Q: 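Input: one structure, supplied below.
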Amino acid sequence: MEVLQFLYHTAPGRILLKPLCSRTLSKICGAFLNSRPSKVLIPGFLKSSGIDTEEYEMDGFTCFNDCFCRQIKEGRRPVDRDPSHMVSPSDGLLSVLPIEEGVVIPVKQSRFTVEGMLKDRKLAERYRGGLCLVYRLRVNHFHRYGYVETGRKSKNRFISGKLHTVQPIALECGPVFMENCREYTCIKTKQFGVLTQMEVGAMLVGKIKNYEKGALDVTRGEEKGTFLYGGSTIIVLVEPGKVKIDPAILEASSRGEETPVKWGQTVGQTL
């Protein structure tokens with residue numbers, strides 16, 4: 001954290017920050033973490049991250065990223081199938097933020113616009129007065145993720161950008177979700193209208209790896225993709241009047257606190 005404080009809150013740090021946030025450095029790091037020599041990093045990573053290895057399939061790693069993208073054991077992430085419930089698409093720390101006049105308003109972070117995030121004015125208008133669900137993944141989280149709901153997905157749209165960390169210190173300093181590389185798709189659903197699910201890259205994330213790029217039918221909890229190394233974020237945009245979020249999650253978010261959630265866990269229900 002002292003390193004991030006230096007990078008984001010001092011003039012020399014901000015000079016160093018530019019190359020650290022570049023996609024070039026991310027690709028170089030990603031290439032190494034996909035190589036066999038990177039296996040030497042695995043024991044130290046598991047120890048320092050405090051990962052519960054009993055939850056995961058821990059055999060057959062050929063590189064560091066195999067470990068980082070490890071598969072979870074069967075039955076460890078049951079998905080709520082009640083069609084009136086909205087579920088989490090991933091493990092992570094959840095904040096639910098209001099969208100007022102097209103602006104997302106966090107308590108302790110920089111504000112950002114939905115249009116700036118999506119690069120699509122017409123789509124952004126759909127979420128005016130709605131909700132922005134932000135799932136922040138730390139390096140110790142399970143880094144695979146699923147579709148948030150059953151429905152028909154659109155083609156994916158990738159937006160190039162920088163790769164800031166998604167730690168709170170960076171979110172306080174600027175509109176990270178409007179600057180970082182990101183990829184999103186819209187999902188037309190029966191219960192929750194049109195949801196937009198976006199994956200956001202972060203510092204030293206080698207790749208946002210979505211399996212399906214084109215339009216097709218998808219199912220809630222079906223694996224959508226994975227992040228390679230680094231903390232990352234999933235954002236779900238919800239139209240106004242479509243979901244009632246768990247009051248405990250809303251209360252925590254109103255205080256600027258994140259709620260730990262797991263893939264498939266209920267976070268709200270239809271109105």
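The structure presented is a predicted model; accordingly, all values stated were derived computationally and were not measured.
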Q: Applying side-chain contact (heavy atoms from CB on, under 4.5 Å), run through Gln269 and Met86 and close with a yes or a no.
A: CA-CA 5 Å; Gln269 61 183 29; Met86 177 174 284; over 6 Å; no

Q: What I'd like to find out is whether the side chain of Phe61 reaches to under 4.5 Å of the side chain of Cys63, using heavy atoms alone.
A: no

Q: Looking only at atom types and distance, does a side-chain atom of Thr185 sit under 3.5 Å from a main-chain N or O of Ser154, one as donor and one as acceptor?
A: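 Present.
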
Q: Taking His143's backbone N and O only, do any of them form a donor-acceptor pair with Thr226's side chain (distance below 3.5 Å, no angle check)?
A: yes

Q: Could you tell me whether the side chain of Ser38 and the main chain of Ser35 form a donor-acceptor pair under 3.5 Å?
A: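 Pair found, side chain donor or acceptor close to backbone of Ser35.
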
Q: Any idea which heavy atoms bring Pro98 and Leu131 closest together, and the distance?
A: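 Residues Pro98 and Leu131, closest heavy atoms: CA-CD2, 4.2 Å.
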
Q: How long is the gap from CG on Asp91 to NZ on Lys262, to the nearest 0.5 Å?
A: 6.5 Å

Q: Side chains of Thr259 and Leu93, heavy atoms from C-beta outward: is any pair under 4.5 Å?
A: no

Q: Looking at Arg128 and Glu125, is any side-chain nitrogen of the basic one under 4.0 Å from a carboxylate oxygen of the acidic one?
A: yes

Q: Just verifying a value: how many Å separate Thr266 OG1 and Asp82 CG, rounded to the nearest 0.5 Å?
A: 7.5 Å

Q: If you group Ile, Leu, Val, Met, Phe, Trp and Tyr by side-chain heavy-atom gaps below 4.5 Å, do Met117 and Val194 land in one group?
A: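 Yes: a chain of side-chain contacts under 4.5 Å links Met117 to Val194.
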
Q: In the structure I gave you, are the side-chain heavy atoms of Ile235 and Leu133 within less than 4.5 Å of one another anywhere?
A: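 Of all side-chain heavy-atom pairs linking Leu133 with Ile235, none is under 4.5 Å.
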
Q: Are the side chain of Thr219 and the backbone of Glu222 linked by a donor-acceptor contact shorter than 3.5 Å?
A: no

Q: Please say yes or no: joined through hydrophobic side-chain contacts below 4.5 Å, possibly via intermediate residues, are Trp263 and Ile72 part of one cluster?
A: yes

Q: Return the minimal non-hydrogen interatomic distance between Arg220 and Phe192, and the atom names on each side.
A: NH2-CE1, 4.4 Å

Q: Under a 4.0 Å N-O cut-off, is there an ion pair linking Glu183 with Lys213?
A: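 Result for this pair is yes, salt bridge flagged.
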
Q: With a 4.5 Å cut-off on side-chain heavy atoms, are Val134 and Leu97 touching?
A: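 Touching, per the 4.5 Å side-chain cut-off.
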
Q: If you measure from CG on Asn65 to NZ on Lys39, what distance do you get to the nearest 0.5 Å?
A: 14.0 Å

Q: Sort out for me which residue in Tyr211, Phe227, Tyr135 forms a ring pair (Phe, Tyr, Trp, His ring centres under 6.0 Å) with Tyr145.
A: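 Among Tyr211, Phe227, Tyr135, the one that satisfies the ring pair (Phe, Tyr, Trp, His ring centres under 6.0 Å) with Tyr145 is Phe227.
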
Q: How long is the straight-line distance from CD1 of Ile42 back to CG of Asp66, given to the nearest 0.5 Å?
A: 7.5 Å

Q: Treat each ILVMFWY residue as a node, draw an edge where side-chain heavy atoms are under 4.5 Å apart, and state whether Val104 and Leu123 are in one component.
A: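 Yes: a chain of side-chain contacts under 4.5 Å links Val104 to Leu123.
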
Q: Tell me whether the guanidinium CZ or amine NZ of Arg157 lies under 6.0 angstrom from the six-membered ring centre of Tyr184 and within 45° of its axis.
A: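 Negative - Arg157 is either too far from the ring of Tyr184 or too far off its axis.
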
Q: Run the side-chain contact (heavy atoms from CB on, under 4.5 Å) check on Ser232 and Val200 step by step: do they pass?
A: CA-CA 6 Å; Ser232 310; Val200 183; over 6 Å; no

Q: What is the minimum heavy-atom distance between Glu149 and Ile187, and which atoms define it?
A: O-CG2, 3.9 Å

Q: Does the side chain of Leu41 reach to within under 4.5 Å of the side chain of Leu33, using non-hydrogen atoms?
A: yes

Q: Answer whether the closest heavy-atom distance between the side chains of Pro89 and Gln197 falls below 4.5 Å.
A: yes

Q: I'd like to know whether NZ of Lys155 has more than 12 heavy-atom contacts from other residues, nucleotides or ligands below 6.0 angstrom.
A: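 No, because the 6.0 Å sphere around NZ of Lys155 holds 12 heavy atoms or fewer from other groups.
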
Q: Could you tell me whether Asp217 and Arg152 have a side-chain N and a carboxylate O separated by less than 4.0 Å?
A: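 Judged by the 4.0 Å cut-off on N to carboxylate O distance, Asp217 and Arg152 do form a salt bridge.
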
Q: Hey, does Leu237 have a side-chain heavy atom less than 4.5 Å from the side chain of Leu118?
A: yes

Q: To the nearest 0.5 Å, what is the distance between NZ (Lys244) and OG (Ser84)?
A: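 Going from the NZ atom of Lys244 to the OG atom of Ser84 covers 12.0 Å.
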
Q: Heavy atoms only: give me the nearest Gly129-Pro240 pair and the separation to one decimal.
A: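 Heavy atoms only, the tightest pair is O-CB, 3.5 Å.
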
Q: Could you check whether Lys224 pairs with Glu212 (Lys NZ or Arg NE/NH1/NH2 to Asp/Glu carboxylate O, under 4.0 Å)?
A: no

Q: Between Asp80 and His85, does a side chain to side chain donor-acceptor pair (under 3.5 Å) hold up when you go through it step by step?
A: CA-CA 7 Å; Asp80 185 339; His85 290 174; 2.7 Å; yes

Q: Does this structure show an ion pair linking Glu258 with Arg136, if we count only N-O contacts that are shorter than 4.0 Å?
A: yes

Q: Rounded to the nearest 0.5 Å, how far apart are CG of Leu94 and CG of Leu250?
A: 9.0 Å

Q: Kindly give the heavy-atom pair with the smallest separation between Ile51 and Tyr56, and that separation in Å.
A: CG2-CE1, 3.8 Å

Q: Yes or no on side chain to side chain donor-acceptor pair (under 3.5 Å) for Ser95 and Ser253, after CA distance, side-chain angles and deciding distance?
A: CA-CA 5 Å; Ser95 299; Ser253 296; 4.9 Å; no

Q: Would you mind reporting whether Glu223 and Tyr147 have side-chain heavy atoms less than 4.5 Å apart?
A: no

Q: Could you check whether Glu55 pairs with Arg77 (Lys NZ or Arg NE/NH1/NH2 to Asp/Glu carboxylate O, under 4.0 Å)?
A: yes

Q: Kindly give the heavy-atom pair with the smallest separation between Arg144 and Ser90, and that separation in Å.
A: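 That closest heavy-atom pairing would be O-CB, 4.3 Å.
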
Q: Take Arg182 and Phe158 through the test side-chain contact (heavy atoms from CB on, under 4.5 Å) and record every step on the way to the result.
A: CA-CA 6 Å; Arg182 53 206 184 273; Phe158 176 78; over 6 Å; no

Q: Relative to each other, are the rings of Phe68 and Phe45 parallel, tilted or perpendicular (30° and 60° limits)?
A: tilted

